[in-house]
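Chain letters run A, B, ... following the sequence lines, proteins first, then strands; residues in each count from 1.
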Amino acid sequence: MDYHFRDIEQKWQKFWADNQTFKVDNTSEKPKYYVLDMFPYPSGAGLHVGHPLGYIASDIFARYKRLRGFHVLHPMGYDSFGLPAEQYAIQTGQHPAITTETNINRYREQLDNLGFSFDWSREVRTSEPSYYKWTQWIFMQLFEAYYDKQADRAMPIAHLVAHFERQGTDGIQAVCDEDVRQFTGDEWRSFSDEDRERELLKYRLAYLRESSVNWCAALGTVLANDEVVNGVSERGGYPVEQKKMLQWSMRITAYAERLLTGLDTIDWPEPLVEMQRNWIGKSIGASVRFDVAGHDAAIEVFTTRVDTIYGVSFVVLAPEHELVTQLTTAAQQAEIETYIERTGRKSERDRMADTKTVSGAFTGSYALHPLTGEQVPIWIADYVLAGYGTGAVMAVPSGDQRDYLFAKHFNLPIIPVTDAQVIDEEADARKEGKYINSGIINGLEYKEAVEVLIAKLEDIGHGKAKINYRMRDAIFGRQRYWGEPVPVYFKNGLPRLIAESELPLLLPEVDKYLPTETGEPPLARATNWKYQGQYEYEWSTMPGWAGSSWYWYRYMDAHNDKEFASKQAINYWKAVDLYIGGSEHATGHLLYSRFWNKFLKDMGFVVEEEPFKKLINQGMIQGRSNFVYRVLDEEGKGTNIFVSYGLRDQYTTAPIHVDVNIVSNDVLDIDKFKAWRPEYVDAAFILEDGKYICGTEVEKMSKSKYNVVNPDDIVANYGADTLRMYEMFLGPLEQSKPWNTNGISGVYNFLRKFWKLFHDAQGNFAVSDAEPTKAELKSLHKIIRKVEEDIERFSFNTSVSSFMICVNELTELKCNKRAILQELVIVLSPYAPHITEELWTLLGNAPGTISYASYPVFNPNYLVESEFEYPISFNGKMRMKLNMSLDMDIDEVEKTVLGNEEVQKFIDGKAVKKVIVVKGKIVNVVS
RNA sequence: GCUCGGAUGGUGGAACUGGUAGACACGCAGGACUUAAAAUCCUGUUCGCCUUAAAGCGAGUGCGGGUUCGAUUCCCGCUCCGAGUACCA
């Protein structure tokens, strides 16, 4: 019988589903292993061939781990809240839940086609009330918690309340808003309930705050920074403005340090770790206070170079700084106002593009240098950002290039601070040499100087060492419909949690998925949607990252309606051992998930500080577009003639995207092209070598470029096993690469060759029980070891090559021995699960048992060689080979080599200076 | 600009700690089978030179240097491509 992949694959997929082959319990004698994929958003376009890349890799890994005796959790689900379904709902009026359901069913079909070993009994969907009940529950925990700096962990807010009652704010070290009040215990107890609530909100980890947001009036929503491109919305290109809004936020900054240090404990790709580090943006420096001459005001600055403080020749405030109005003198008022007006009008894009032009305005006031008491002018300039540090800097032109340019432009003094500085052309930020012009630190070096200065500044009450983070608190709300409702209602303008027993707070029905006429979010449209019939609920919904920030725990216990997951399940599975997904989630999902995980751990709900022990990024699969070249007439109008790629230079042409599915190895199928669209029915072609060759280009895979390849089509033509192996064969997992179906026949042929090993010329299943030969055992054990090594380092592509080599060797040896083939079937099964299940059963094993078989034990004895064909190189250039026993020691090898006639020919009478022998590797004769 | 990643035949890629560069596969060329085509099988395939052929010679892993008996691999300097980030004091 030939290799009929269609029958085989359907048969086994059904078998696995019917027998729940991959369903696992939350307990086992075996060691556990948790393999997780980043779950998909089920879009209407369905899966293209790039999506399963990571799933195939993780599935191979999961199947391999099972063979190695691990109890493997390998689940899948859907991140099913999201904008596209909502956008579609706005256009069509169809409820997003319906679209989502349809899309999920399609995804499931496509996934099932590929033979993944997911435990589908644990499927989750973030948009299901049974799931988002727990997302809301976690939100409530965050609302009911604050971050205690002394304990360095989150604590129940009740703990804070008890402290306030006892001794007020005295002795409290908590992460909080800037405008918290100081009070005694007596004062606290005298506060009204509402005052207390108002104050507590400033400490809660989930809190409301006036935030500046990207408001897009046309879309009626707030956009994330990455949804704004060049000052307009990514979707639709509508104008976006900055608007102050009361928004739910998450105090992720409380965890900045732990998020940073945790990076050292996890095995993630270095670029990704680096991205998170940059995002957190820790800088160690000092905050310094400059008093203002003639005003009862002080300017707080943050600097990472307190050692250059004697080089300060001016102070710069952000145009938005709160002191600007107060410090502007009458004489400078017009200039300052003009400047503020001008920078305010500048779009985000202009401000970014225009980093070269120096601009600013003098306020007319002077700051007092905290150490020298000298007066330095106070300027405003848009190179100082209101949102970072204190929105004010001490300018040291000799040590900072931006300050340098500013000083040059406005003719301000540039004071060198070390004897090593070279500042004729530009600022010199090196920390070398000894300090000059620097009062108490003259003659000192960097490290010493910083210590002296910090001590002095603290002593005079003008500054202290300080650590600054670039990361901001995360906004946790969208003015959208298709998301988790926030379990909060408002009473006298203050947010209150609903009762835990009232969860889930269901997403209400609305007549339209648009904002109201007054600009309120869609949820404001819901009729009779009030808490206890009288209080308004929160109208924002949670952002896209809410549901994905904890989903790996739900898989552990997906149907629990008492807890988000049972203690027992969490204690068993603990954390994800291997996580595979795209690097585009580096600073979003992966950072928020680590944050929530740390919080859940602080509160005692989970056990691990880091949720994802090892992480692998799969590369993006790009599209590879094909083009035909339409010939243009003299007037530049398109004709119905198309010229082949190689001849297109002889004509004026316009390239047109052509569906890659009617092109094979860049040769156009002309009949299919004519049938593709009515306008091409009568198309004429100018061919080369009797063929129409298409041009190619690597682009994003998208419908509009006709370069989308659907895995279903590949499966129909070659089978899932071929697709799985081909995706791996394409190259290293982490690397981005264009999809090209051209090479797939190589993998397909490999599987057929593999199949043939088990069958005689007539196609009958035929294996022999004869003793395997040395050569056969060598071939087998080479692959046993190779696959082991490759999988452990996620080098799947090299394994596929090695399988091909192995099958080529066994074919050559005409090997059909059970002792060899049965083991080979196990080794190959993670990669090609269907064909191996079939052959496993044909070999007489119980159906379905291969998934839990034991991976063969590698025996190095089969690979031991007695002889080695030494490459003999002369001055580093390989010229010939010489077969020698591996028992020979270095001297013997050297003697044999020099005694060889052919070797002497290459030496050609020259004096041999040296002979280098590396045993079992190489001989190099130096002359 | 800064940070990170990358560059190897016509193509995808291999070479794991410095030791035979181009495994494996695609494509291409030639051949077998066939009335023919497809499919399949076999042979060749880094480039250049030389040769009827066998063989031989030279160059070669983005570019220029260096270390080494020996460098795709290590070091220094550059070029180009991709990703992230955006005046972060």
Side-chain angles (χ1 to χ4, degrees), chain A residues 269-279 281-283 285 301-306 308 316 318 348 351-356 358 381-385 387-396 399-403 405-406 429 468-471 583-584 586-587 617 619-620 622 624 665-667 696 698 726 729-732 734-750 752 786 789-790 793 795 797-808 869-881 913-918 920-927:
Chain A
E270 195 47 42
L272 204 125
V273 168
E274 200 57 31
M275 268 191 247
Q276 291 217 342
R277 265 197 204 111
N278 290 341
W279 192 263
K282 179 180 186 178
S283 1
V301 303
F302 174 74
T303 177
T304 53
R305 290 298 301 275
V306 70
T308 63
V316 190
E348 196 75 2
R351 237 167 123 162
M352 259 158 41
D354 187 25
T355 57
K356 297 255 153 53
V358 178
D382 64 3
Y383 82 85
V384 175
L385 304 176
Y388 181 76
T390 59
V393 303
M394 60 176 222
V396 183
D400 182 285
Q401 185 60 17
R402 290 156 306 178
D403 298 344
L405 290 173
F406 196 83
N468 222 18
Y469 297 94
R470 187 165 68 191
M471 185 169 64
S583 60
E584 65 272 21
T587 49
N617 287 131
M620 234 198 3
Q622 296 141 307
R624 186 174 182 279
N665 282 323
D666 298 333
V667 177
T696 64
V698 173
Y726 184 60
F729 186 62
L730 230 41
E734 296 94 328
Q735 224 167 73
S736 284
K737 55 227 154 194
W739 175 266
N740 189 343
T741 313
N742 287 356
I744 200 164
S745 61
V747 172
Y748 181 59
N749 283 340
F750 155 75
R752 298 204 317 173
K786 179 72 176 158
E789 287 173 353
D790 284 353
R793 62 193 172 100
S795 175
N797 56 323
T798 49
S799 283
V800 178
S801 299
S802 304
F803 280 123
M804 291 174 174
I805 293 170
C806 178
V807 166
N808 287 347
E869 196 174 36
Y870 279 89
I872 314 294
S873 50
F874 295 84
N875 296 320
K877 192 98 195 158
M878 207 279 288
R879 294 295 180 187
M880 54 178 285
K881 288 180 180 175
K913 287 191 197 130
K914 214 196 271 188
V915 179
I916 285 155
V917 178
V918 182
K921 278 265 165 69
I922 199 168
V923 177
N924 190 13
V925 180
V926 186
S927 58

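Looking only at side-chain heavy atoms (C-beta outward), A:N797 and A:P732 come within less than 4.5 Å of each other. Counting heavy atoms from C-beta outward, A:V923 and A:I916 have side chains that stay 4.5 Å or more apart. Annotation: side chain of A:K786 is in contact with side chain of A:T798 (closest heavy-atom distance under 4.5 Å).
Closest to the side chain of A:S745, from the set B:rG13, B:rG5, B:rC26, is B:rC26. Comparing B:rG19, B:rA15, B:rA25 by their nearest atom to the side chain of A:I922 picks out B:rG19. In this structure, of B:rG12, B:rC16, B:rA89, it is B:rA89 that holds the atom nearest to the side chain of A:Y388. Side chain of A:D382, nearest nucleotide from B:rC87, B:rA15, B:rU40: B:rC87. Side chain of A:N797, nearest nucleotide from B:rG13, B:rG19, B:rC4: B:rG13. Here B:rA14 is the nucleotide among B:rG5, B:rG12, B:rA14 with the atom lying nearest to any side-chain atom of A:T798. The A:V393 side chain lies nearest to B:rA89 when the options are B:rG60, B:rC69, B:rA89. Of the listed nucleotides (B:rG19, B:rU3, B:rA89), B:rG19 has the atom at the smallest distance from the side chain of A:V918. For A:P271, the side-chain atoms get nearest to B:rC4 when compared with the rest of B:rC4, B:rA25, B:rU20. For A:N278, counting side-chain heavy atoms from C-beta on, the closest listed nucleotide (B:rU3, B:rA89, B:rC4) is B:rU3.
The residue among A:K881 and A:V800 whose nearest nucleotide of RNA chain B is located toward the 5' end is A:K881. In terms of position on RNA chain B, the residue among A:N875 and A:R402 whose nearest nucleotide sits closer to the 5' end is A:N875.
Taking both residues in full, the closest heavy atoms of A:Y870 and A:G920 are given as OH-N, 2.9 Å, listed atom of the first, atom of the second, then distance. A:F729 approaches A:S801 most closely through the heavy-atom pair CE1-OG, 3.6 Å. In terms of heavy atoms, A:S736 sits closest to A:Q622 at C-OE1, 4.0 Å. The two residues A:A318 and A:V384 make their nearest non-hydrogen contact at CB-O, 3.3 Å. Smallest separation of non-hydrogen atoms from A:V306 and A:M394: CA-CE, 4.4 Å.
Across the P atoms, B:rC16 and B:rA55 are found 30 Å apart, a figure rounded to whole Å. For the C1' atoms, the distance from B:rG22 to B:rC47 is 12 Å, rounded to whole Å. To the nearest whole angstrom, the two C1' atoms, one in B:rA7 and one in B:rC57, are 30 Å apart. Between the C1' atoms of B:rG62 and B:rG56, the separation comes to 31 Å (whole Å). A gap of 38 Å separates the C1' atoms of B:rG10 and B:rC2, to the nearest Å. Rounded to the nearest Å, the gap between the C1' atom of B:rU3 and that of B:rU8 is 26 Å. With both ends at atom P, the span from B:rA53 to B:rG48 equals 16 Å, rounded to whole Å. Nucleotides B:rU43 and B:rA37 place their C1' atoms 22 Å apart, quoted to the nearest Å.
As rounded to whole Å, 12 Å separates atom C1' of B:rA89 from atom CZ of A:R470. Put simply, CD1 on A:I805 is 13 Å from C1' on B:rG13, counting in whole angstrom units. Here the P atom of nucleotide B:rC81 and the CD atom of A:Q622 are 16 Å apart, to the nearest Å. Here the C1' atom of nucleotide B:rU20 and the CG atom of A:N924 are 12 Å apart, to the nearest Å. Rounded to an integer number of Å, the gap from A:L405 CG to B:rA89 P is 17 Å. Regarding A:W279, its CH2 atom lies at a distance of 12 Å from the P atom of B:rG84, rounded to whole Å. Put simply, CG on A:N468 is 13 Å from P on B:rC88, counting in whole angstrom units. Put simply, CE on A:M620 is 9 Å from C1' on B:rA83, counting in whole angstrom units.
Close to B:rC69, at under 4.0 Å from its OP1 or OP2, lies a side-chain N or O of A:K914. Regarding contacts with the backbone of B:rA25, a side-chain N or O of A:N808 is found under 4.0 angstrom from either OP1 or OP2. For A:R752 and B:rU40, the shortest distance from a side-chain N or O to OP1 or OP2 is below 4.0 Å. The shortest distance between the side-chain N/O atoms of A:N749 and the OP1/OP2 oxygens of B:rU40 is below 4.0 Å.
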Using a cutoff of under 3.5 Å, can you pull out all pairs of nitrogen or oxygen atoms linking the protein to nucleotides 30-34 of chain B, with atom names and distances?
none

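Side-chain atoms of A:R470 come within 3.5 Å of backbone N or O of A:N278 as a donor-acceptor pair. A:D403 places a side-chain N or O within donor-acceptor distance of the main-chain N or O of A:V396, the cut-off being under 3.5 Å. When atom types are taken as modelled, the side chain of A:R879 and the backbone of A:P871 share no donor-acceptor pair closer than 3.5 angstrom.
Across all strands, A:Q735 comes closer than 4.0 Å only to sugar-phosphate atoms, never to a base (heavy-atom distances). A:K282 comes within 4.0 angstrom of nothing in the nucleic acid, heavy atoms only. A:P738 comes within contact range of no nucleotide atom at all, as no heavy-atom separation falls under 4.0 Å. Heavy atoms of A:S283 sit under 4.0 angstrom from primed sugar atoms or phosphate atoms, though from no base atom. Within the nucleic acid shown, A:R879 comes within 4.0 Å of sugar-phosphate atoms alone, with no base atom in reach, counting heavy atoms only. Counting non-hydrogen atoms under 4.0 angstrom, A:F729 reaches a base of the nucleic acid. Within 4.0 Å (heavy atoms only), A:K877 reaches at least one base atom of the nucleic acid. Heavy atoms of A:L730 sit under 4.0 angstrom from primed sugar atoms or phosphate atoms, though from no base atom.
For the ring-ring contact (aromatic ring centres under 6.0 Å, His included) test with A:Y726, the passing option among A:W739, A:Y748, A:F750 is A:W739; the others fail.
Taking 3.5 Å as the limit, the base of B:rU20 and the side chain of A:K921 contain no donor-acceptor pair of atoms between them. With hydrogens and angles left out, the side chain of A:N742 and the base of B:rC26 share no donor-acceptor pair within 3.5 Å.
Inspection of the A:D790 and A:S799 side chains reveals an N or O donor paired with an N or O acceptor under 3.5 Å.
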Annotated structure of RNA chain B as dot-bracket, pair cut-off 3.5 Å, Watson-Crick or G-U only, | for inter-strand, is (((((((..(((......[....)))((((((.......))))))((((......))))..(((((..]....))))))))))))....
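Base orientation at B:rG84 is anti, since its O4'-C1' glycosidic dihedral falls outside 90° of 0.
Between the CG atom in A:N924 and the CG atom in A:N875 there is a gap of 7.0 Å [rounded to 0.5 Å].
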